[in-house]
Amino acid sequence: MRTALRLIGSGVAVYGAAIAGGRFRRVGYLDEKPLAAFEKDAELINWSSTHELSTKSLYQPESTEELVNTLKKCQEDGLRIRPMGSGLSPNGIGFDQEGTVSMGLLDNILSVNKEKKTVRVQAGVKVSQLVEVLRAYNLTLQNYASIAEQQIGGFVQVGAHGTGMGIPPVDMQVLSMKILTPGLGMIELNEEKNPILFKLARVALGSLGVMVEATIQCVDAHLLKEHTFVSTAEEIRANHDEWLRSHQHLRYMWIPYSESVIVVWSDPAGADEAVGESTLFSEEEALAAPRALLRSAYPEIEDDQLKEMSFTQIRDELIHHKPLDADHIREVNQVEAEYWKKKEGVRVDWSDRILGFDCGGQQWVSEVAFPCGSKERPSTSDLDFIDDVKKIIEEEKIPAPAPIEQRWTSASSSYLSPVWSNDLESIFSWVGIIMYLPPAGEAGDQEREKITEAFQGYQRKLETELWERYGAFEHWAKIEATSPLLQQKRERIHKRIPMAMYESTKKLLDPQHILSNDAIHAILSN
């Protein structure tokens with residue numbers, strides 16, 4: 001039997017995308033048909049170790065047949081079985097204490113149609129696996145999130161996104177899909193046969209059915225030419241409309257307590273351009289200031305250790321030195337701005353390698369999307385929002401590290417998408433805030449608790465003062481169901497999405513709510 005889970009102690013830990021292990025046993029059979037192997041009292045931990053729990057039963061089907069039989073058995077017994085992807089979601093949305101099903105072994109790429117530029121995959125395949133297979137067919141996905149270890153099921157079901165005013169979130173690349181439901185069994189959905197249900201279930205957090213397969217629209221594999229430079233808020237105000245319209249991919253990384261803004265845009269490379277990179281200074285030169293600051297904080301650090309550290313690793317260590325000291329964080333942010341000034345330059349590479357980027361170490365993160373006009377007429381609400389965020393940070397002396405990340409997408413027709421709109425010409429800005437965490441463990445746990453409390457205060461301040469005003473909607477993988485502002489979150493969600501349609505469909509497809517967990521109940525249930 002193949003395995004994909006790593007044992008830790010007496011249980012199994014799912015740590016981000018790394019799932020490995022071994023102590024699984026067969027449940028048995030249902031009407032002489034095999035059920036999935038399972039592990040009792042398995043420990044589930046998300047990538048940042050911000051959410052962990054013990055699930056009574058972690059199922060791991062090796063075939064669609066095993067998944068079907070196991071779901072049927074859980075339905076008969078009234079047991080919850082929450083579908084889980086790679087465990088990357090900051091809010092642990094895929095975890096459940098009663099029962100969880102890992103899709104990690106249902107990871108086959110079933111077919112590639114080179115003429116139609118489509119690929120049919122099982123939901124457990126990782127984006128990183130898929131892109132390498134597609135490369136052999138000279139194909140790729142239209143857009144990518146910052147990391148590529150998500151499973152396709154979770155990638156689609158939470159409405160993941162990349163950046164580019166003319167490019168929608170990844171759910172819009174799904175042409176058809178099969179979901180396994182407790183109420184109606186296996187259902188195939190697409191725009192032609194059942195458009196309303198398709199648009200409802202495409203982004204549904206696995207709460208309407210377990211995504212089993214998806215057919216995805218691809219594009220020709222292509223090189224992108226990325227430009228990175230440091231700008232200012234004033235320069236961005238003067239040029240933002242032009243930059244947003246003229247570049248295929250655009251990303252801003254705002255530096256709190258600084259006028260510096262890192263601008264990254266990417267467009268298709270010319271036919272005569274090859275993979276390569278050119279920057280103003282070498283990496284060694286760019287790292288000089290961050291290394292000097294780290295040495296001043298930790299004089300005992302060894303030269304060899306310092307030389308092996310990347311910029312994001314140095315930044316993490318600098319922040320961990322005094323994570324809640326706003327003056328110290330300001331100094332670290334200034335060093336980050338200096339690093340990027342020396343890294344200004346041009347890079348050419350395949351689109352998946354350009355659009356992915358290093359997010360740093362373990363972290364708390366909150367991200368919202370809000371409307372900012374249309375492709376024809378963008379508004380300034382995206383820049384106004386950032387101005388307000390930075391003003392709050394400075395007034396409240398919040399120890400806010402860099403970056404505040406800002407990206408854009410066009411709208412989605414999926415009813416539960418944070419950027420759902422009837423007008424697909426609408427555009428939305430996505431803004432994420434962050435606080436970095438020291439590694440989990442006895443030495444760092446007390447510090448993590450303090451940072452967690454500070455981050456929650458930071459996020460709540462923005463939520464209460466800005467979100468309603470800008471029409472902001474939280475990223476599904478980052479909404480915290482235990483927030484003291486849960487009631488306000490629920491009210492925003494229930495105003496934003498077609499709750500009557502969702503509830504009637506839920507009653508049909510999952511009448512006993514066995515695919516939900518406490519977070520889904522808290523957020524979506526009346």
Quick one: does [X]'s side chain have a donor or acceptor within less than 3.5 Å of a partner on [Y]'s backbone?
X: R315; Y: P401; answer: no
X: S426; Y: D423; answer: yes
X: D171; Y: G159; answer: no
X: E65; Y: P34; answer: no
X: T55; Y: D96; answer: yes
X: D510; Y: L515; answer: yes
X: N194; Y: L197; answer: no
X: R496; Y: A472; answer: no
X: W476; Y: L416; answer: yes
X: N46; Y: S89; answer: yes

Regarding K489 and E463, does a basic nitrogen lie under 4.0 Å from an acidic carboxylate oxygen?
yes
Could you check if a side-chain atom of [X] sits within less than 4.5 angstrom of a side-chain atom of [Y], using non-hydrogen atoms only?
X: V346; Y: H227; result: yes
X: K72; Y: V68; result: no
X: R448; Y: Q362; result: yes
X: W350; Y: L223; result: yes
X: H222; Y: Q248; result: yes
X: Y59; Y: L67; result: no
X: V119; Y: V133; result: no

With a 6.0 Å cut-off on ring centres, are W420 and F428 close enough?
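No.
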Classify the ring geometry of F385 against Y470: parallel below 30°, tilted from 30° to 60°, perpendicular beyond 60°.
perpendicular
Over 60° means perpendicular and under 30° means parallel, so classify the ring planes of W408 and H240, tilted if in between.
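Judged by the thresholds at 30° and 60°, the geometry between H240 and W408 is tilted.
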How far apart are the C-alpha atoms of D107 and K126, what are their side-chain angles, what is the distance that settles it, and do they pass the salt bridge (Lys or Arg N to Asp or Glu O under 4.0 Å) test?
CA-CA 7 Å; D107 61 350; K126 291 180 183 176; over 6 Å; no
Grab the two heavy atoms, one from [X] and one from [Y], that are nearest each other, plus how far apart they are.
X: K478; Y: N91; result: N-ND2, 3.5 Å
X: S410; Y: V419; result: O-CG2, 3.9 Å
X: Q363; Y: L437; result: C-CD1, 3.9 Å
X: N143; Y: V170; result: O-CG1, 4.4 Å
X: A36; Y: E66; result: CA-OE1, 3.7 Å
X: H249; Y: Q142; result: CE1-O, 4.5 Å

When you look at L424 and K375, which way does the side chain to side chain contact (heavy atoms under 4.5 Å, CB included) test go after all the steps?
CA-CA 9 Å; L424 296 184; K375 295 175 186 176; over 6 Å; no
When you compare the side chains of [X] and [Y], does any donor N or O come within less than 3.5 Å of an acceptor on the partner?
X: T50; Y: W364; value: no
X: S413; Y: R202; value: yes
X: K506; Y: S516; value: yes

So L205 and V158, side chain to side chain contact (heavy atoms under 4.5 Å, CB included) or not? Walk me through it.
CA-CA 5 Å; L205 316 180; V158 299; 4.2 Å; yes
Could you walk me through whether K56 and E98 pass the salt bridge (Lys or Arg N to Asp or Glu O under 4.0 Å) check?
CA-CA 5 Å; K56 291 179 181 177; E98 186 170 291; 5.2 Å; no
Rounded to the nearest 0.5 Å, what separation is found between the CD atom of Q151 and the CD atom of Q122?
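Between atom CD of Q151 and atom CD of Q122 there are 11.0 Å.
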Nearest 0.5 Å please: distance from the CG atom of N517 over to the OG1 atom of T100.
8.0 Å
Checking R80 against D518 for the side chain to side chain contact (heavy atoms under 4.5 Å, CB included) test, could you report, in this order, the C-alpha distance in whole Å, the side-chain angles of both residues, the deciding distance, and whether it holds?
CA-CA 11 Å; R80 291 209 301 222; D518 292 344; 3.2 Å; yes
Test side chain to side chain contact (heavy atoms under 4.5 Å, CB included) applied to R492 and F473, step by step
CA-CA 8 Å; R492 273 196 304 274; F473 193 101; 5.9 Å; no
Please say whether more than 12 non-hydrogen atoms of neighbouring residues, nucleotides or ligands are located less than 6.0 Å from [atom1] in [X].
X: L110; atom1: CG; value: yes
X: F229; atom1: CZ; value: yes
X: E273; atom1: CD; value: yes

Intermediate values then yes/no, salt bridge (Lys or Arg N to Asp or Glu O under 4.0 Å), R407 and E367
CA-CA 10 Å; R407 293 179 283 175; E367 186 178 28; 3.6 Å; yes
Contact list for residues 203-219, test side-chain hydrogen bond (donor to acceptor under 3.5 Å, both in side chains), sequence neighbours left out:
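Passing the test, one end in residues 203-219: R120-E213, S176-T215, S207-Y502.
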